[in-house]
Amino acid sequence: MGVVPKAKAGVGSAMNDATRLLGGTLGVAVIGSVFASLYASRLGDLLPAAIPAGVVDPAKESVGTALGVAGEAGRAGHPGVARAIGEAANSAFFSGFHAGDLVAAGVAAVGAVMALALLPAHPPAGAAEDDESTERPAVGSPAAAGAGN
């Protein structure tokens, strides 16, 4: 924002906000996708083969569903199955969460390096003043209409 002329500060601020919101949205989508795919595959690997697919498939949807399935198995008199599902869900959740954190850290590190390499430390001296002094109102704008009076 330091290199944007004062007359264009609103446009610069809007672009800043738009890129920040787009980055946040894409970040949530990418990290969520990494987490979800790793959670589902890891849970499938950790669950014993004796657990029926009708129990495994819903458990892969979310850790909450998996813990609910584990609770139902425990209430149905299968404490070993309940413990296996609960432990597998916890392990798969934290495995996916850890991978998502590493992806976020990597993106943040790349962004920091790019900012250091590509952005100037300070705006060029006189850049904002020069742009302001040469700024002309657009033809047909209220400012241009008032300038002729």
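We count residues from 1, following the sequence as given.
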Looking at Leu38 and Gly96, what are the two nearest heavy atoms and their distance?
CB-CA, 4.1 Å
Which atom names give the shortest non-hydrogen contact between Phe35 and Phe97, and what distance separates them?
CD1-N, 3.3 Å
Distance in Å, Thr19 OG1 paired with Leu26 CG, rounded so as to fall on 0.5 Å steps
11.5 Å
Heavy atoms of Ala53 and Pro58 approach each other most closely as O-CD, 4.2 Å
Quick one: which residue pairs count as a side chain to side chain donor-acceptor pair (under 3.5 Å) with a foot in residues 55-67, not counting sequence neighbours?
Ser62-Thr65
Polar side-chain atom of Ser95 near backbone of Ser91 as donor-acceptor pair, under 3.5 Å:
no
Tightest non-hydrogen contact, residues Tyr39 and Ala89, listed as CE1-O, 3.8 Å
Is the side chain of Ser13 donor-acceptor paired with the backbone N or O of Ala9 at a distance under 3.5 Å, no angle test?
no
Single-linkage hydrophobic cluster, 4.5 Å side-chain cutoff, Leu43 and Val81 together:
yes
Are Leu118 and Val110 connected into the same hydrophobic cluster when the rule is that any two of I, L, V, M, F, W, Y join if their side-chain heavy atoms are below 4.5 Å apart?
yes
Val63 and Val28: same hydrophobic cluster, using ILVMFWY side-chain contacts below 4.5 Å?
no
Let me check something: do Leu67 and Leu47 share a hydrophobic cluster, defined by ILVMFWY side-chain heavy atoms less than 4.5 Å apart, either directly or through other members?
yes
For Pro79, the side-chain contact (heavy atoms from CB on, under 4.5 Å) test, sequence neighbours excluded, returns none
Tell me, with the steps shown, if Asp17 and Arg20 meet salt bridge (charged side-chain N to carboxylate O under 4.0 Å, His left out).
CA-CA 5 Å; Asp17 290 347; Arg20 185 173 39 86; 3.0 Å; yes
Where do Gly86 and Ala70 come nearest, in terms of heavy atoms and distance?
N-CB, 3.9 Å
